[in-house]
Amino acid sequence: MNRRNRDDTEVKIHGYSDNLRSEEEGNHLQSIPNGGIDGLDSEEIKSRHHYPFIRFSTLFRGFVLVDALVAVVLWLTGGDSKYFIDNIKHFKLSESVFDLALLSMLKIPVYFCMVRRLEMTAIKFLDVSYNPVLRSKFLSNIAMLSSVSFLIFVFVVIKASLILEKIVTHDQNFFGMHPTFYACVIWCLVSSLLIFILSVVSKFGLRKLQRQRVIKFYNRHGKEVDKDGKPLPRKTNLVRLMGLAKPEAGLISIGMVSLLLSTAVQTIAPLFFGKVVDAALDSMESLNRTVLILLLIYLAGSVFSLVRAWIFTLAGQRLVARLRSQLFGSVIVQEIAFFDVNRTGELCNRLSSDTTVLQNAVTVNLSMLFRYLLQIIGSLALMFFLNASLTGVLLAIVPVVSLSAMQYGKFVRKMRKLFQDRLADAGTQAEESLSSVRTVKSFSGEAKATTVYSGFINESYKIGKKLALAQGIMDGLFSFLAYGAISAVLWYGGKLVYENSRDPTTGITAGLLTSFLLYTLQVAMGFALLSSLYGDFMQAVGASARIFTLLDRKPDVFVPLNPLVLPHLTGEIEFKDVKFKYPSRPETEVLKGVSFRVERGQMVALVGPSGGGKSTIVNLIERFYDPNEGTIAMDGCDLKLLDLTWFRQKIAMVSQEPTLFACSIKDNIAYGREATDEEVIEAAKQANAHEFVSEFEMGYDTLVGERGVRLSGGQKQRIAIARALIMDPTLLLLDEATSALDAESEHLVQEAVDRAMMGRTVIVIAHRLSTVRNADKVVVIDKGQIAEMGTHNELLATHGVYKKLVLRQLAAGYTGDAKDQLPRHVKESEVDKPRKLNTNMNGNSSYVNEGLLPDEIDDSDDSDDGEDDNDLIQLN
Ligand SMILES: Nc1ncnc2c1ncn2[C@@H]1O[C@H](COP(=O)(O)OP(=O)(O)OP(=O)(O)O)[C@@H](O)[C@H]1O
């Protein structure tokens, strides 16, 4: 078993009785069955406690090891090999320390075993409120440990006293000992006392384990997971960050070669500067030649720099383009529940600003890192070559620079992360306000939106201020250190030049000092730029952590091993005792055991009070979520076993307020599949959209604007119906619009809807009486349960929730038409006086606004008033 495992102790999450198992049982992992979905995906997770490496027992054992090492070294350094042998052969308690060295060695296995045993008992003891057997075992272990330590301490004290006595009494037979032997005795005295103290206080030391331990979970493959069995996010570090640039390895290699060459040129150039100075002191011809060489060197360097900058920037652009697509791909496949808890603005921010931070980090910044490192190393090597002592003067300040750079880097890393977070908040806020700009304006919320946005920006500004100050201090410090170094080099170099002018065999020439100064500048600059790079890298690590979290996230959707594709789908749907809670609100059960069946080609209307769970039923059919209990079957097959992409192509949804994409009408209609112009036009005709589309100047190429803002409500709905029809769905899900359209528009939409329903299985969240009357079955959903089920006429006869809804609808829209819709057995007197408010089948009326109370409705025919009336009152 490896080291880590030896320090691990397994425990059961639920209850502690198994912790009391005997040590011989060993380190068996505890298994916890983890739900699984209908036994299809049963996964076992195992838990294990981990303890920090540095804890009481390791400190104890570490000290015992150090003790033995010091004692043996002190004994060994006390003389030659003969001396050791004499020391052992003619052992005398008061003249030899061989016994102390031996004892220290023996202490290792003894203490290691005892401390291990004690720790094991302590660990078992942690989760037990009181267990007399375990407690007495724990205490007797401590007593044994303390007794052994005490005996050893007593022995060392006796030995030290004997030696001391010989020294004090000037014993004739005592020839003294090697100084390290005395040190050995003193050391053993101190260490055995310390070990004794550690033994006595071990009870308190081991108690700390309770706070120190952390629990980790593993799946059956031994991979660490969270307590729900989900994989943990992978750790982010510079290595993983660099891994992002792997596909750009080819480009980066070319860039690296250019970088090496350009840095080499930059590194040797100062040598020629010195040569130019010396040549100027020599002759004009020599000066010309040297300057020409210098120019050629710089020309070559510039070409290499050009290639380096171009290649690395290009690699950065490629990387960020790839990363953005990858990230978007990873986000869009997440389950709907993910979007219930993650805000769109925040996700967009990850896509734009976090990826930009990474763009340079692993390409341009990486190249700069190598460049400055090479520049520093190369310059320092040449400086040593030119003059070692002068280089020593410069190097004296390097530790100061490095330490301050590291501290600065740490600070910047923290602040930049905070800065990015606040900026992301502001971005989210801006996205939300701008995407709902109509709502903002209609409530005159511009000032409020600006204040909230400015609040977030202010937060980021506050952090920015600190960063600016830190940057200023750092710049100041670095320039002081850099100029200080240059001054020191100038002074010492000037002294050497002076000496050289007196005696050419000593010191250095003026040219050499010039070269040296330029190298000093290069090294100082290299360090300063490295420190700023460090900050950039840390910022990139922060940004990449968020990006990797999204990239690593696997959608929490059950995918069967062999997804089924049914050859003949009829569209039969059956809910069997379906229970469901939204993952973002796990405490509320939205569906509490819903069962109903929709036969092939039937039209089933879902009605009921607002918030009852109608949309949730549709969401579950679309498999935006999976039920917590029960099953939903299509043609007798559990939805979870079907191929999700195939299945979603067989159903189409037309929602209350359809969302169109900011592209042409044609592209919107053909969103679900590739379609010819003829197919698009045919679908539009079916949806009563062709006429108005043809009237547009650009026809089907008309752009509809963001979310279809350039179209009217009725037009949007008809385009959405066309979009659904072109898919030729087996199952049509409809959420009738509650918002009132004008009579003509309503008629056109209704006609399109009726046509769309023909020959299909349809589930409709109905708001209109006419729709419900035509339904083969009406399912009344109230508070997550089916309150009533049957045909329109059957339900009216039951005098239940449904009848109240109908009466209310009729009361609200009492017209000749509505009256005609009444079945014969509903007396006209049951219908209330006409109201001007617009109430629909789900009670989504505007009573409160109109100041009308529901009990004004004449419902005298109803016998079980009380409770249901309350329901109706709550409908709004
Ligand atoms: N994404 C969600 N996350 C958490 N809770 C939700 C979510 N969507 C709906 N709910 C809750 O589920 C319950 C049922 O909502 P649902 O939209 O299914 O009702 P409904 O009958 O369709 O209402 P309406 O007729 O007003 O549209 C409500 O209490 C609602 O607050």
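The residues of the chain are indexed from 1 along the displayed sequence.
Residues in residues 650-675 take part in these ring-ring contact (aromatic ring centres under 6.0 Å, His included) pairs, two or more places apart or across chains: F661-Y671. Note on residues 658-667: pairs passing salt bridge (Lys or Arg N to Asp or Glu O under 4.0 Å), not counting sequence neighbours, are K666-D677, K666-D701. The ring-ring contact (aromatic ring centres under 6.0 Å, His included) pairs that include a residue from residues 444-474 number zero, where partners must be two or more places apart or lie in different chains.
Summarising the geometry, atom CD1 belonging to I463 is positioned 9.5 Å from atom CG belonging to L423; distances are rounded to the nearest 0.5 Å. Note: T450 OG1 to I457 CD1 = 12.0 Å, rounded to the nearest 0.5 Å. Note: F624 CZ to I336 CD1 = 5.0 Å, rounded to the nearest 0.5 Å. Between the CG atom of L732 and the CG atom of L725 there is a distance of 7.5 Å, given to the nearest 0.5 Å. The CG atom of L550 lies 6.5 Å from the CG atom of L347; values are rounded to the nearest 0.5 Å. Distance check, rounded to the nearest 0.5 Å: CD1 of I332 to CG of L327 gives 11.5 Å.
Residues K685 and E691 have side chains not in contact (no heavy-atom distance under 4.5 Å, counting atoms from C-beta outward). Two residues are said to be in side-chain contact when any heavy atoms from C-beta on lie closer than 4.5 Å; V764 and L606 fail this criterion. At a threshold of 4.5 Å between non-hydrogen side-chain atoms, the residues C663 and V704 do not count as touching. A heavy-atom distance below 4.5 Å is not found between the side chains of V654 and Q717. Side-chain atoms of P729 and K650, non-hydrogen and from C-beta on, never get closer than 4.5 Å to each other. Counting heavy atoms from C-beta outward, L734 and I765 have side chains that stay 4.5 Å or more apart. Under the 4.5 Å side-chain criterion, counting only non-hydrogen atoms from C-beta, D556 is not in contact with F338.
At least one donor-acceptor pair closer than 3.5 Å links the side chain of Q334 to the backbone N or O of S330. Under a 3.5 Å cut-off, the side chain of S433 and the backbone N or O of A430 do not form any donor-acceptor pair. A donor-acceptor contact shorter than 3.5 Å is absent between the side chain of D782 and the backbone of A787. At distances below 3.5 Å, not a single donor-acceptor pair connects side-chain atoms of R718 with backbone N or O atoms of A687. Q715 contributes a side-chain N or O that, together with a main-chain N or O of S712, makes up a donor-acceptor pair within less than 3.5 Å. Here the side chain of E459 pairs no donor or acceptor atom with the backbone of R422 at under 3.5 angstrom.
By the side chain to side chain contact (heavy atoms under 4.5 Å, CB included) test, R324 pairs with V320, T355, T356, sequence neighbours left out. Evaluation of the side chain to side chain contact (heavy atoms under 4.5 Å, CB included) rule for L703 yields S664, R710 as partners, not counting sequence neighbours. When the ring-ring contact (aromatic ring centres under 6.0 Å, His included) test is applied to F696, the partners found at least two apart in sequence or on another chain are F692. With sequence neighbours excluded, the residues satisfying salt bridge (charged side-chain N to carboxylate O under 4.0 Å, His left out) with R322 are E248. Partners of K554 under the side chain to side chain contact (heavy atoms under 4.5 Å, CB included) rule, at least two apart in sequence or in another chain, do not exist in this structure. Considering only residues two or more places apart in sequence or on other chains, F312 meets the ring-ring contact (aromatic ring centres under 6.0 Å, His included) condition with none of them. By the side-chain hydrogen bond (donor to acceptor under 3.5 Å, both in side chains) test, D354 is found to be paired with R350, Q420, R546, residues two or more places apart in sequence or in another chain being considered. Scored by the side-chain hydrogen bond (donor to acceptor under 3.5 Å, both in side chains) test, Q317 finds Q359 as partners (sequence neighbours excluded). Residues passing the ring-ring contact (aromatic ring centres under 6.0 Å, His included) test with Y625, sequence neighbours excluded: F580, Y582.
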ask   = Checking salt bridge (charged side-chain N to carboxylate O under 4.0 Å, His left out) for the pair E629/K592: CA distance, chi angles, key distance, verdict?
value = CA-CA 9 Å; E629 277 178 52; K592 302 165 184 162; over 6 Å; no
message = Using side chain to side chain contact (heavy atoms under 4.5 Å, CB included), reason through L733 and I621 one step at a time and then give a plain yes or no.
response = CA-CA 9 Å; L733 303 170; I621 296 175; 4.2 Å; yes
message = side chain to side chain contact (heavy atoms under 4.5 Å, CB included) for V618 and M653? Distances and angles first, verdict last.
response = CA-CA 9 Å; V618 171; M653 168 85 195; 3.5 Å; yes
task = Would you sort out whether K581 and E587 count as a side chain to side chain contact (heavy atoms under 4.5 Å, CB included), showing the intermediate values?
result = CA-CA 7 Å; K581 294 173 186 169; E587 68 284 355; over 6 Å; no
task = Output, in order, the C-alpha distance, side-chain angles, deciding distance and verdict of salt bridge (charged side-chain N to carboxylate O under 4.0 Å, His left out) for R648 and E622.
result = CA-CA 7 Å; R648 284 202 179 134; E622 289 216 70; 5.5 Å; no
Trace of the side chain to side chain contact (heavy atoms under 4.5 Å, CB included) decision for V693 with T702 = CA-CA 8 Å; V693 176; T702 308; 5.6 Å; no
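Smallest separation of non-hydrogen atoms from A689 and I719: CB-CD1, 4.3 Å. Across all their heavy atoms, L358 and L319 have their closest contact at O-CD2, 4.1 Å. In terms of heavy atoms, K614 sits closest to V607 at CD-C, 3.7 Å. Closest non-hydrogen pair, L591 versus L620, comes out as CD1-CD1, 3.5 Å. Between G613 and V590 the shortest heavy-atom distance is CA-CG1, 4.4 Å. Across all their heavy atoms, P609 and I781 have their closest contact at CD-O, 3.3 Å.
Of the charged side-chain nitrogens involved, none lies within less than 4.0 Å of a carboxylate oxygen, so that E589 and K579 do not count as a salt-bridged pair.
Looking at Q649 and R673, their side chains never bring a donor and an acceptor atom within 3.5 Å of each other.
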